[in-house]
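Labels below follow one simple rule: chain letters A, B, ... track the order of the sequence lines, proteins then strands, and each chain is numbered from 1. In what follows, every heavy atom counts, from backbone to side chain, and hydrogens, waters and symmetry copies are set aside.
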Amino acid sequence: MKIRGFETSMMGRDIDFIVPSMTRLCYLNEISHALAGVTAVEKAYNITVPNEGLYLREIARLGEIIEVDAIKLSEFINTKELENIGNKIKSILGKKGKYLAVGGVLQNISDKRKEKLLNLVNKGLNLVDKEFINLVEERKKKISLPDVELIDAYNFDINKVETNGYPKTALYDGKVVYSGALSRMYNKGLIKSKNLWDVLSARVIEIEHSLMEIKNLLNKLKLTYPYMEPIIKDGKAVGEAVIEGGEGIVYHRVELIGREILDYTILTSENFNKTLLDSVDNDEGKRIIQLCERCYYL
Amino acid sequence: MVGCGHCGKIIRSIEKKYYDKLKEKKIALVGGAVNLDDEKEVKKIKEIRKNSDILIAVGSCAVSGGFQRMLIGLENGFPQRFVRIGDVVKVDYAIIGCPPDEEEVEKVVEAVLNKDKEIVDSYLILKPYEIIAGRPIIDTYMKVNEVLLTSNKELCLGCDDAPINYEFCTGCGTCVAKCPANALTIDEKPKVNISKCIKCGTCFFNCIRVKEALPSEAR
Ligand code: SF4
Ligand code: SF4
C-alpha cells in the first residue's frame, strides 16, 4: 500500500468532512479516527457535549475495541460471534458513524434497541473464553518473546513523540514502545506482565471488561437528545485529542479558521508498533500484533 | 486495492461461504479503488481480470473511485491517482455503496451463480459510470493545490448538489435514507450538504427513477 494522504486531503475542507472521511480511513478504527477528529474540534472551540452524547460515543468506541480484539484474535481462536457483537454495538452511532457530529450525536437509539443491545452484551459475556489465557501461558514458556514498553492515551504527552520519515515510524521518550490492548489492560491493573505474548491475553480480558463497561453505560442512557448545536467561533483555533481506539492510540490535531481546516495531523498506534515490530523482527510477534497497514500508510 | 477495508471484509466473508462455486465459475470479487501510480497494484488487478471470467466490483471505491477519488496521496512528494477498477480493466457487475450491504452483495453473487437474469441485469451499471464519471479526474502529477481545487462537480457522478435532476425527483426520500454520510436533507426535494458528501453515488443509483435520469446512451 502507498500513502493515501489523509492529512493533506483534509486541508481546506469544512469540519463537517471529518466524520465521513475519517470513518473511511480504516474500517478497524473507524469510530476512533472520527471521534478523535470531532473531539479535537470540540476542544479547539470549547464545545460541550451532552452526557447522553458522550455515553453513546463511549459505547461505540468500546464496541470498536471488542470488534478489533476479536478480529485480531481470530488467527488463534474462533471469535466470529464476538466480532459481530462488537460491530453491532459500534453501529449505535449509525452505519459508518454517520450520526456522530461536532456537538454530540445526531440521533439516539430507541428503547427497543437498548434492550437488544443489553441482550447482545449478555450473550457476548457468555462467549468470552478465558481458557485461552492458559494456552497463551504455555506458548509463552515454549517460544520466548521480549517484554515491551507500553504507552496509552491516558498518560500521553505529544511532546515526547519523535517521528521519522513518511509513513511515520515513531518513538516515545526516545524508546521503542507498544500501543494497544496490553497497554490498556496493564494500565487498569487487569494484567500484570508486559511480555509481547500478553497482548493476546489482554485482548480476551479486554473484551470481557469492555462488555461490562458497555452494560453500565447502556443502563445510564436516558434516551434524551444527545446533541447540542455547537458555536463555532470565527478566528483561528487549535485542538488536539488522543483516545484509545480498537488498535491503540489515535491522536488527531486540527488547526482551524472558523469551520475551515487549515492543517491536520494524525498519529496512530501503528506508527509506534511498526517501530517495535522492526526491532523485534519475529514472525510470531507479527502474528500477535497484526500491524494495520491502513493506519500506518495514512 | 485502496479502501478502508470494509468492502474487503465483506468480500472475504462471502468468498468463504461460496469458495468452491466462485472458484469453479472463475468469479472474482474486488473492493477498493486502484492506485494508478502503484505498478504492483495495477499489475495485480490486471492479473485478477486475466484469471477470471466474471469480475464484480464491490463498493463505491471499486465502482466509481468513491471516496478515494477525494484523496491526494503522496509518494516521494508526488500525488497519487485513485481511480475506479473500470478505468484499468473491464468490470462485469458493479455494486454501489460505501459500504454496500453484505446481504446485497450476497444476493448479486447468488444471482450471478444462478444466472438470474432479472437481478444481474440491474447491476450491469458500468455503462452509466463510463458516461457519467468520465475519464479519471486527477491527472498525472497534478500539484496538491490543483487537486484541492478540483471542484465537487468534477468529482461527482453527476449529482453535484442534488442526488438527481429535480425534473425526475418525486420527493420519495429513498436517497436520504440510503446516504451513508448523512449528507442529504429533504424538504420537498433532497439537497446535498457538499461538505459531508463522499461522492459514493449511493443516492444516485438508488433513486427509483435513475434509469430515466440517465443519458439515453447509458440506459
Ligand atoms: S467503498 Fe466505502 S466501505 Fe468500501 S472500501 Fe471504499 S471507503 Fe470502505
Ligand atoms: S449525497 Fe450521500 S449518497 Fe449521495 S454521493 Fe454524497 S455521500 Fe453518497
Checklist line | Crowding at CG, N51(B) (>12 non-hydrogen neighbours, <6.0 Å) | finding: yes

Next item on the list: Go through the atoms of K40(B) and report whether side chain, backbone, both or neither lie under 4.5 Å from a heavy atom of chain A.
Entry: neither

Item checked: K95(A) and D101(B): CA distance, side-chain angles, deciding distance, side chain to side chain contact (heavy atoms under 4.5 Å, CB included) verdict -> CA-CA 10 Å; K95(A) 200 171 170 183; D101(B) 288 328; 2.8 Å; yes

Notebook entry, point to check: More than 12 foreign heavy atoms under 6.0 Å from NZ of K236(A): is that the case here?
Noted result: no

Note to self: For D187(B), is the CG atom crowded, meaning more than 12 foreign heavy atoms sit under 6.0 Å from it?
What the structure shows: no

Checklist line | Spacing of NZ belonging to K96(A) relative to CD1 belonging to I198(B), to within rounding of 0.5 Å | finding: 8.5 Å

Checklist line | Interchain contact, R4(A) with chain B, by part (heavy-atom threshold 4.5 Å) | finding: both

Checklist line | Those residues that, when tested against Y297(A), pass ring-ring contact (aromatic ring centres under 6.0 Å, His included) (two or more places apart) | finding: none

Next item on the list: State, to 0.1 Å, how close I72(B) and S9(A) come at their nearest heavy-atom pair, and which atoms those are.
Entry: N-OG, 2.9 Å

Item checked: Test side chain to side chain contact (heavy atoms under 4.5 Å, CB included) applied to R259(A) and S195(B), step by step -> CA-CA 11 Å; R259(A) 298 185 62 90; S195(B) 308; over 6 Å; no

Check: Rounded to the nearest 0.5 Å, how far apart are CZ of F6(A) and CG of L71(B)?
Finding: 4.5 Å

Notebook entry, point to check: By a 4.5 Å heavy-atom criterion (distance strictly below it), what part of E30(A) contacts chain B: side chain, backbone, both, or neither?
Noted result: side chain

Margin query: Any side-chain to backbone donor/acceptor pair from K98(A) onto C179(B)? Under 3.5 Å, distance only.
Written below: yes

Note to self: Strictly less than 4.5 Å between heavy atoms, which residues of residues 244-251 of chain A line up against chain B? Please order them by number.
What the structure shows: none

Check: So does D263(A) have more than 12 non-hydrogen atoms from other groups sitting under 6.0 Å from CG?
Finding: yes

Notebook entry, point to check: Does NZ in K233(A) sit with more than 12 non-hydrogen atoms of other residues, nucleotides or ligands closer than 6.0 Å?
Noted result: yes

Next item on the list: Please list, in residue-number order, every residue in residues 16-27 of chain A that has a heavy atom less than 4.5 Å from any heavy atom of chain B; write 'none' if there are none.
Entry: D16(A), F17(A), P20(A), S21(A), R24(A), L25(A), C26(A), Y27(A)

Margin query: Report which part of E83(A) has an atom under 4.5 Å of a heavy atom belonging to chain B: side chain, backbone, both, or neither.
Written below: side chain

Check: CG of N29(A) to SG of C4(B): how many Å apart, nearest 0.5 Å?
Finding: 11.5 Å

Next item on the list: Residue by residue, scan residues 61-78 of chain A and write down, ordered by number, those that have a heavy-atom distance under 4.5 Å to chain B; if none do, write 'none'.
Entry: E67(A)

Notebook entry, point to check: Measuring heavy-atom distances to chain A, does D38(B) have an atom under 4.5 Å in its side chain, in its backbone, in both, or in neither?
Noted result: both

Check: Does atom NZ of K2(A) have more than 12 heavy-atom neighbours from other groups under 6.0 Å away?
Finding: yes

Note to self: Looking only at heavy atoms and a cut-off of under 4.5 Å, which of P99(B), C98(B), G66(B), A181(B) has the most pairs with chain A?
What the structure shows: C98(B)

Checklist line | Euclidean distance, H6(B) NE2 relative to N87(A) CG, rounded to 0.5 Å | finding: 6.0 Å

